[in-house]
Chemist: 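Following this message is one structure expressed as C-alpha cells.
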There are 2 protein chains.
Amino acid sequence: MARVTIQQVAEAAGVSPSTVSNVLNGRTNRMVPATKERIDRAIAELGYHPNKAARQLRTGRTQTIGLIVPSVGNPFWGAFARELELAAMTVGHNLLLCNSERDAERERRYVQELWEDGVRGIVLCSSLPTLDHVADIVARGLRLVTFDRQAQPGDPENVISVSINNLVGGHLATSHLLELGHQRVSFVSGSLASVNRAGRYRGYCMALEQAGLDPAEMPAWTGADAPAFGDVEAAEVGRRAAHALFEDPATAPTGVVAINDMTALGLCRGLRDLGLQVGTDASIVGFDDIVLAELYDPPLTTVRQPIARMAALALEEMLDDTGEDPGRTVLLRPELVVRGSTQAPRVGASR
Amino acid sequence: MARVTIQQVAEAAGVSPSTVSNVLNGRTNRMVPATKERIDRAIAELGYHPNKAARQLRTGRTQTIGLIVPSVGNPFWGAFARELELAAMTVGHNLLLCNSERDAERERRYVQELWEDGVRGIVLCSSLPTLDHVADIVARGLRLVTFDRQAQPGDPENVISVSINNLVGGHLATSHLLELGHQRVSFVSGSLASVNRAGRYRGYCMALEQAGLDPAEMPAWTGADAPAFGDVEAAEVGRRAAHALFEDPATAPTGVVAINDMTALGLCRGLRDLGLQVGTDASIVGFDDIVLAELYDPPLTTVRQPIARMAALALEEMLDDTGEDPGRTVLLRPELVVRGSTQAPRVGASR
DNA sequence: GTGAAAGCGCTAACAT
DNA sequence: ATGTTAGCGCTTTCAC
C-alpha cells in the first residue's frame, strides 16, 4: 500500500532525487553509466512508479485525452472509441470517456470538466451545428479536435477537424441508387441539424440534380414530428420512417439513403414489419459500415468510414505540436461498399 | 489560460486559503455566513475551479474510475460502458476507458497503470479464468469489481463481483429449445476458458441432462482449431460454426445456443450462406440482448442482461465504503426474450 | 471562526 | 556529472 517515492529510490541508489528524475525523463546523455544502472536497479527492486498527480501538478501536463461521443452504446461510436484508445495507448496516452447523449449542455459540462482536469486535448464527436458552447474554453487554450464535423464558419480558429467527406459520401450513396435505375428515392435521417448530416443530405441533393431529378420532390424524411431520439435509438427513426414512407405503395420510394447504418437497419426492420423484402421490394443504403452491416440479412450496402485511420489521424492531429496549419480540416474519402440491400428496382416499380 | 488558484480567491475575498478550502469542501457549519458569501462571490467572479492534480496529490483520492473491457467496439461492451459512464457521472466520477482485447498481459498492464494513476477503483470485465495476474495489486489495496465474472476459488478475498447468473441463463436458453421440441442441439462459443462462458455451458449441459439427453453427444463447438478471435470478430466464430455444423444435414443440429448475440448473428449469417432459413430450418438463441438482436431478421431470441441495472450496481458496489461483505458476488437473474429466431423444429427434422 | 504553516511527490533551474 | 533548492495548488492539523 505504502507507495514508494522518488526520494526512496534516490536513497537506495545513493544519489539525489533529481538524478533519479533525470533518468526517469530520459535526460541520461551525459550521465555516468554506472549511476544510471544503480538507479535502474533501485527502481526495479523497490517497484517504483512515478506518481502521476505529482508529475502533473509540477509540469502541468497529462497523458490523458478526453473523448466525447454521443453514445458509446452506438456501435459506430463504440468502434471509434476502441480505435482511438488503441492508438492512444501505443503513444502512452489514456482516454477519458464521456457520453454527451447529444445534449449541448452535457457536452459543454464535459468539455469544461476535462479542461479543468488538465487533459492534453479533447476529441469531440459533436452533432451540434455550432461550437459556441465551448468557444470560451478553446479560447483559453484547449486543444480541440472535432470528429465527423467539418469546420464551419464561426468556429474558433484553432479547432482541428477530422471527418469523412460527407458530401461525397451522400453523393456516392445516392448515385449508386440512381445508377441501379431507381427514380423515386428518399433520404431518411433524424434531425438534419448537424454538420455531418447536412453534408450527407447535400450530397444526396446534388446527385439527384445531376440526374435531372428534383430534390424538392424527394425530400428528406426527418421525423420532425417524432420525439428526439437518442443515439442507440437511431434504429427507431428508421423503423418509423419505413412505416411512414412505405405504407402507401403508390407514393413509396423504391430506394432509400439512410443517414447511418443503425437507421438503415431500423428501416430494414420496418420494411419487414410491412411484409416488404429489402433488396427486391426496396433498396437501402446505409452509412458507416459498422460490423453488423455485413452480418445483416440481406447484407447492407453502405458508405464505409475508415474508422481506424480516422482515429489515428484525430490523435495525431491532436498531439501535433508543430503549430502548423491551425484550424485545418482533414476530410477522408469515403468508399461505397455494395452488398445485397441494393438492387435494381422491380420493373414497373418506378414510374 | 492562466489558471486562477485558491490563493487568488482568498485574496479577492480577503480571507486565507484555508478558509476558501473549507468552503470548497463543505466544512461550512460554524462559519459566519457573510464570509462564505464573500468567498462564493469571489469564486464565481474569478471563474475559479480547483486543480484536481493538486487535490489528488494532497489527498490521495480521485474521482476517476477505470473500466477495462475486452473491446468497446463490441455492442454489448459499448452499451455497458455507456451505462457505467452515465451512472458514474451522476455521482461525479469520471471513467477511464481501456480495451484489453482479451489479452492477459494488456489487462495486467492496464490494471497496474490505473492503479498508479490512483483511480478510485476498477471495473474489470475480464474473460480470464483467474485473477492471478492482478492479485498483487489487489493485495496492495486496489478496489476491484469484476463484471460478468463470478468470484472463483483462488480469487483474492476482497474482490467484488457483479454478474448475470450465467448458469441460469444457459439453462434458460437451452430448455427453451428443448421445450420447442428440439432434440439435436449444439452450443457455439469461442474458447470456453472464461468464467462466464463456462457457466453458460454448464447451464446448457444441465438442461440437457434434465431432459434425459447426453451432453457428450451434443458438445460445444469452440472452434478450437480456429485462430483466436477478437471480440468484434465474435460474429466470425458464429459464421464458421454454421459452416462446420450445418454443412452435413445428416448430423446438423436443429437448434443452437450461442454464447452471445454477436456470435448468434454470425451463425445466422452463416446459415444464410448455406441457404438455410433461421427459425424454420434452424433455431438460434443468443445471449445479451443487444440492440441489434431485436432489429435482426428474424429478430433474435436471446437471454437478456439487465445492463443498466448491472452498471449501476457495479458502481455502487465499488463506491460502497461500509466495508461489509468483502468479496461478495451479486448475481442478477437473466430473462429469456423469445423472438422469431426460435421455432419448433420441422416435423421429421429431429430424430 | 479563521489563519499560519507544513508538505503530498515530483521537476527543472541553477549551482557546483 | 550530480546535487540543492524552490515551488506546482491544494488540504489539514494546530494555533489563535
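A, B, ... follow the sequence lines: proteins, then strands. Residue 1 opens every chain. All values below come from the heavy atoms of this structure, side chains included, with hydrogens, waters and symmetry mates left out.
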Chemist: Would you say the side-chain atoms of A:Ser126 and A:Arg149 include a donor-acceptor pair closer than 3.5 Å?
Modeler: no
Chemist: Return the value, rounded to whole Å, for the distance between atom CZ of A:Arg27 and atom P of D:dG3.
Modeler: 15 Å
Chemist: Does a side-chain N or O from B:Thr35 land closer than 4.0 Å to OP1 or OP2 of C:dT2, or not?
Modeler: yes
Chemist: For A:Ile39 and D:dG3, what is the distance between atoms CD1 and C1' respectively, to the nearest whole Å?
Modeler: 12 Å
Chemist: Figure out the CG/P separation between A:Asn22 and D:dT4, and round it to whole Å.
Modeler: 14 Å
Chemist: Using heavy atoms to find the nearest nucleotide of DNA chain C for A:Ser21 and B:Thr59 separately, return the residue whose nucleotide is more 5′.
Modeler: B:Thr59
Chemist: I'd like a list of close polar pairs between nucleotides 5-7 of chain D and the protein, N/O only, cut-off under 3.5 Å.
Modeler:
from: D:dG7; atom 1: N2; to: A:Arg58; atom 2: NE; distance (Å): 3.4
from: D:dG7; atom 1: N2; to: A:Arg58; atom 2: NH1; distance (Å): 2.9

Chemist: OP1 or OP2 of C:dA12 versus the side-chain N and O atoms of A:Arg61: is any pair under 4.0 Å?
Modeler: yes
Chemist: Whole angstrom is fine here: how far is it from CD in B:Gln7 over to C1' in C:dA5?
Modeler: 13 Å
Chemist: Calculate the interatomic distance between A:Glu11 atom CD and C:dG9 atom C1'; express it in whole Å.
Modeler: 14 Å
Chemist: Can you check salt bridge (Lys or Arg N to Asp or Glu O under 4.0 Å) on A:Glu101 and B:Arg82, steps first, answer last?
Modeler: CA-CA 10 Å; A:Glu101 307 288 332; B:Arg82 174 188 180 214; 2.7 Å; yes
Chemist: Side chain of A:Met31, heavy atoms from C-beta onward: which of D:dC10, C:dC10, D:dT2 has the nearest atom to it?
Modeler: D:dT2
Chemist: Rounded to the nearest angstrom, tell me the gap between atom CD in A:Gln63 and atom P in C:dT11.
Modeler: 12 Å
Chemist: With a non-hydrogen cut-off below 4.0 angstrom, is A:Gly14 in contact with a base, only sugar-phosphate, or nothing?
Modeler: sugar-phosphate
Chemist: State whether the side chain of B:Arg328 and the backbone N or O of B:Asp325 hold a donor-acceptor pair below 3.5 Å, judged by distance alone.
Modeler: yes
Chemist: For A:Asn94 and B:Glu113, does a side-chain donor sit closer than 3.5 Å to a side-chain acceptor?
Modeler: yes
Chemist: Applying salt bridge (Lys or Arg N to Asp or Glu O under 4.0 Å) to A:Asp321 and A:Arg120, what does each step give before you reach the verdict?
Modeler: CA-CA 12 Å; A:Asp321 271 333; A:Arg120 178 72 191 269; 3.1 Å; yes
Chemist: OP1, OP2 of D:dG3 versus side-chain N and O of A:Ser16: anything below 4.0 Å?
Modeler: yes
Chemist: Taking everything shown except B:Glu157 itself, do over 12 heavy atoms lie less than 6.0 Å from its CD?
Modeler: no
Chemist: Is the backbone N or O of A:Asp320 less than 3.5 Å from a side-chain atom of A:Arg143, with the two atoms forming a donor-acceptor pair by type?
Modeler: yes
Chemist: For the pair B:Asp136 and B:Arg108, evaluate salt bridge (Lys or Arg N to Asp or Glu O under 4.0 Å) and give the outcome as yes or no after the intermediate values.
Modeler: CA-CA 11 Å; B:Asp136 58 326; B:Arg108 201 208 126 77; 3.4 Å; yes
Chemist: Let's see if you get this right: which residues in residues 48-57 of chain B place a heavy atom under 4.0 Å from DNA chain D?
Modeler: B:Tyr48, B:Pro50, B:Asn51, B:Ala54, B:Arg55
Chemist: Taking CD1 from B:Ile6 and C1' from C:dT2, how many angstroms apart are they, rounded to a whole number?
Modeler: 14 Å
Chemist: Got a second to check how far B:Leu57's CG is from A:Asn51's CG, nearest 0.5 Å?
Modeler: 6.0 Å
